[in-house]
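Numbering of ligands and ligand atoms starts at 1, following listing order.
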Amino acid sequence: MCGIVAYIGPKDATPFLLEGLARLEYRGYDSAGVAVAGRTGGIKVRKVKGRVADLAAAVPARFKGSTGIGHTRWATHGVPSDANAHPHLDNAERIAVVHNGIIENADELRAKLAADGAVFRSETDTEVLGHLIAAHAAEGVELEEAVRAALGKVVGTYGIAVLDAEQPDRIVVARNGSPIVLGLGEKEMFVASDVSALVRYTRQVVHLEDGELATVRADGFRTFTEDARTTHRQPSTVDWEIDSYDTGGYEHFLLKEIHEQPGSVERTLGGRLDERFATAHLGGLNLDARELREIRRVKILGCGSAYYAGEMGAQLIEELARIPAHSEPASEFRYRNPVIEADTLYIAVSQSGETYDTLAAVQEVKRKGGRVLGVVNTVGSAIARECDGGIYLHAGPEISVASTKAFTSTVVAFALIALHFGRIHDLSPADGRRIVSALKALPDQIREVLAQSDAIAELAAEYAGSEGMMFIGRVRGYPVAREGAQKLKEISYVHAEAYPASELKHGPLALISPELPTVALVPDDELLDKNLTTLGEIKARSGRVLAVAHRRPEAKLADHCILVPKSEPELDPLLLNIPLQLLAYHAAVALGRDVDKPRNLAKSVTVE
Ligand code: AGP
């Protein structure tokens with residue numbers, strides 16, 4: 001949550017800071033600020049409630065400096081306001097700090113600092129850092145020493161960048177639970193919370209580890225630990241193309257990412273299908289066949305859409321490998337003192353690899369001796385590093401707050417895991433081949449669904465004005481309904497409720513009326529008749545029905561229908577979900593919503 005940028009070099013820092021913040025805005029967008037230090041001495045600060053564009057408008061032309069830090073915020077401590085926006089300063093306005101994360105002992109530190117004369121101007125936890133670092137920055141003390149000493153008193157998570165008016169030849173950064181990336185330029189250096197802010201300037205990057213700090217100067221950097229031991233870090237090269245971080249001619253990142261799915265699914269599958277043995281190769285699992293045979297249960301942990309993708313994954317594992325599998329919100333799991341069993345395999349799911357609840361769940365499992373695999377999109381992220389093994393999605397950078405291509409790739413990854421586990425257990429070669437062929441066909445089938453975007457836009461415009469929408473599906477269709485409802489409410493703010501179709505008559509049927517239409521998942525499988533009966537019950541109560549189906553139901557059962565190509569039954573949910581992404585997208589556009597940056601949300605939730 002929140003985005004950090006910093007620059008040091010021969011140029012004026014402000015243009016990079018503002019552009020970098022605009023690129024990171026998906027991480028948080030309720031307020032933004034920049035601070036620069038330059039040859040004239042002192043620190044200049046501008047910060048505003050609102051978007052980066054509001055900040056850019058508030059920054060005067062004379063706001064220049066060759067060293068600078070910036071921040072775009074998602075409020076945790078204190079409302080979005082000019083005062084609570086970062087950077088935060090000490091009394092003397094010598095030290096400026098931007099921070100992602102949570103300082104857990106902020107109240108205690110604040111009381112002590114205030115007693116010593118610190119004057120607080122915001123409600124944030126971050127402000128204590130500015131005063132604390134200043135308290136350690138006595139005459140002759142290097143900035144890195146002051147930061148190290150201050151962080152020694154802090155309990156919590158952070159990614160920080162610190163600017164010192166008296167040492168403007170350096171920026172000090174630190175990471176503990178919130179990512180910090182250094183970008184290496186020609187006699188200039190960049191810092192950001194993720195590479196999307198840097199790729200236009202450099203492809204050479206260094207990802208700091210948790211517990212690591214760096215002193216960044218125009219001509220290089222030095223990394224070290226919190227106990228002052230020097231670390232040696234080799235730069236890596238960012239291999240995504242620059243246009244992966246642009247809208248590429250689409251009106252929104254979300255639409256671009258929905259349309260990227262044939263390619264992202266191909267990348268998730270890339271080199272992993274073994275046609276000869278009708279299985280999947282997943283080297284990163286770090287588990288041999290003998291160890292896999294000892295697994296009696298699979299528990300999948302993730303938040304939001306990652307949890308729903310995990311529900312689809314659990315069904316795939318149960319069906320193909322016949323291993324009991326269950327998905328649970330990581331945010332709940334970590335607080336309920338879970339029983340960790342030696343013969344259970346835990347799988348953490350996260351697009352960003354930063355979600356704090358998921359990370360904490362992984363740490364809890366590991367602390368109790370459990371084995372955790374990761375299904376993660378962001379290479380080298382905190383969750384990926386914390387897991388004992390796993391597979392990367394290779395879906396490419398996902399910028400829009402609502403997850404689409406990463407969701408689909410997660411389900412594909414689970415299909416590969418289920419196939420691999422299944423072929424080690426009792427899945428026959430014929431069934432293995434059936435799944436391999438179906439996986440290979442997915443990219444073209446997704447293209448077929450995407451070709452209906454205009455028709456789905458018309459339906460979305462018709463349904464978007466409803467007071468709410470019900471999403472229903474049976475068994476494999478239920479996680480599809482949950483994710484469809486999540487997507488609609490997240491970006492269009494239309495209330496949406498997902499229910500198992502079988503449960504409708506046990507209560508929620510009372511809600512059905514012409515004002516509450518139902519999106520019904522109606523795959524052509526063994527439950528088709530049951531689903532058609534449910535549609536009849538809804539129509540009998542004057543409900544409107546939009547069916548997402550393999551075959552068009554009779555007109556008396558559905559007002560509208562979106563047809564989806566048929567896969568194998570186990571993989572049908574993946575394709576049934578794609579039109580629901582388009583439905584949510586077009587509904588949000590029809591309602592004039594801020595599609596890529598929905599209100600109150602941010603892309604990765606790095607706080608509790
Ligand atoms: C998805 O559209 C949501 N923005 C949200 O539920 C998200 O999936 C969740 O916060 C988990 O994020 P992660 O995959 O990065 O861990």
May I ask you to identify the nearest protein heavy atom to [atom], giving residue, atom name and distance to one decimal place in Å?
atom: atom 14 (O) of ligand 1; value: Q351 N, 2.7 Å
atom: atom 10 (O) of ligand 1; value: V605 CG2, 4.3 Å
atom: atom 3 (C) of ligand 1; value: E490 OE2, 2.9 Å

Ion pair [X]/[Y], N-O distance below 4.0 Å:
X: E332; Y: R336; value: no
X: E341; Y: R297; value: yes
X: E251; Y: K256; value: no
X: K299; Y: E328; value: yes
X: D388; Y: R371; value: no

Would you mind running through ligand 1 and noting each atom that sits below 4.0 Å from a heavy atom of [X]?
X: V401; value: 2 (O), 4 (N)
X: S403; value: 1 (C), 2 (O)
X: A402; value: 2 (O)
X: Q486; value: 3 (C), 6 (O)
X: A306; value: 8 (O), 14 (O)
X: S352; value: 13 (P), 15 (O), 16 (O)
X: G304; value: 6 (O)
X: K487; value: 1 (C), 2 (O)

Do [X] and [Y] have a side chain donor and acceptor closer than 3.5 Å?
X: H586; Y: S453; result: yes
X: Q261; Y: Q581; result: yes
X: T378; Y: E354; result: no

What's the verdict on side chain to side chain contact (heavy atoms under 4.5 Å, CB included) for F407 and Y308, showing C-alpha distance, side-chain angles and the deciding distance?
-> CA-CA 9 Å; F407 179 91; Y308 299 139; 4.1 Å; yes
Closest to atom 13 (P) of ligand 1 among T355, D357, I383, L254 (heavy-atom distance) | T355
Note: heavy atom closest to atom 1 (C) of ligand 1, options C303, S305, A348, belongs to S305
For K603 and ligand 1, answer yes if some heavy atom of the residue is under 4.0 Å from a ligand atom, otherwise no.
-> no
Tell me, please: is T358 in heavy-atom contact with ligand 1, that is, under 4.0 Å?
-> no
How are the rings of H259 and Y250 set to each other: parallel, tilted or perpendicular (split at 30° and 60°)?
-> parallel
Within the 4.0 Å heavy-atom cut-off, what E354 brings close to ligand 1 is neither
